[in-house]
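One structure is given below, encoded as structure tokens.
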Amino acid sequence: MYDVLVIGGGVIGCAIARELSRRSGRICVVERNEDVCTGTSKANSAIVHAGYDCPAGTLMAKLNVRGNALFSQWCEHLDVPLMRTGSLVVAFSPEEEETLRDLLARGQKNGVPDLALISGEEARKMEPRLSEAVTQALYAPTAGITCPFEFAIACAENAVANGVELLLGRPVKWIVSEPNSMVLRCG
């Protein structure tokens, strides 16, 4: 019997389990595969998004910006590499420059720090291999990259060290809602 059962041992499931493990309660992660981070998360692009592309005012926008801000602390605590590389979204025409202005406004509404529109020349100074045809870029210095495998494994290990039970190779077959609980059957 668990207080919380997390279905899926990918990046999100392991991070949730890690965070919950810092509180009280019996927690379990059930993963259908034989290890964590072997489902959808294995195709993760490793990008830590700045948060300018989420629709303003949405929960996704709020969580993206907040998660980005917390990521440095998490990676430091878990001893996982994080590179704050920044990101560039480039424009090749006046129409695309308008799109960049829209992204800038959206990012500012979302609270993304230090977003800036820069010239094509400034962007090429940052990334010399950019096309000479780039006219403008949106620069987001808080964007970064990390290894999704290392991150998920570190979260899972930390969660288990904090008392979370990790059940691997156990696909959920069915879930039944009871009056005060949920019953799961795993393979």
I need the full list of side-chain hydrogen bond (donor to acceptor under 3.5 Å, both in side chains) pairs touching [range], with sequence neighbours left out, sorted by first then second residue.
range	value
residues 32-50	Glu31-Asn33, Asn33-Thr38
residues 69-88	Asn68-Arg84, Ser72-Arg84
residues 112-121	Ser119-Glu122

For Leu88 versus Ala137, what's the shortest heavy-atom pair and its separation?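 Answer, listing the atom of Leu88 first, then Ala137: CD2-CB, 4.1 Å.
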
Specify the closest pair of heavy atoms between Val80 and Glu150, including all atoms of both residues, with the distance to one decimal.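 Here Val80 and Glu150 meet closest at CG2-O, 3.8 Å.
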
Side chain to side chain contact (heavy atoms under 4.5 Å, CB included) with Ser21: which residues, sequence neighbours excluded?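 Result, side chain to side chain contact (heavy atoms under 4.5 Å, CB included) vs Ser21: Ala159, Asn162, Val164.
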
Could you tell me the separation between the CG atom of Asp53 and the CG atom of Leu103, rounded to the nearest 0.5 Å?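 Answer rounded to 0.5 Å: 7.0 Å.
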
Distance from Leu117 atom CG to Leu138 atom CG, nearest 0.5 Å?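 The distance works out to 5.5 Å.
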
Just to verify, what does Glu132 make a salt bridge (charged side-chain N to carboxylate O under 4.0 Å, His left out) with, not counting sequence neighbours?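 Applying salt bridge (charged side-chain N to carboxylate O under 4.0 Å, His left out) to Glu132 gives Arg124.
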
Answer yes or no: are there more than 12 heavy-atom neighbours, outside Ile12 itself, under 6.0 Å from its atom CD1?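 Atom CD1 in Ile12 is not crowded, with 12 or fewer foreign heavy atoms closer than 6.0 Å.
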
Check ring pair (Phe, Tyr, Trp, His ring centres under 6.0 Å) between Phe71 and all other residues, then give those that pass, not counting sequence neighbours.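 Partners of Phe71 by the ring pair (Phe, Tyr, Trp, His ring centres under 6.0 Å) criterion, ordered by chain and then number, come out as Phe151.
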
Does a donor on one side chain and an acceptor on the other come within less than 3.5 Å for Tyr2 and Glu165?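 Looking only at side-chain atoms, Glu165 and Tyr2 do form a donor-acceptor pair, the distance falling under 3.5 Å.
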
Derivation of the side chain to side chain contact (heavy atoms under 4.5 Å, CB included) call for Ile7 and Leu184: CA-CA 10 Å; Ile7 300 173; Leu184 279 76; 3.8 Å; yes

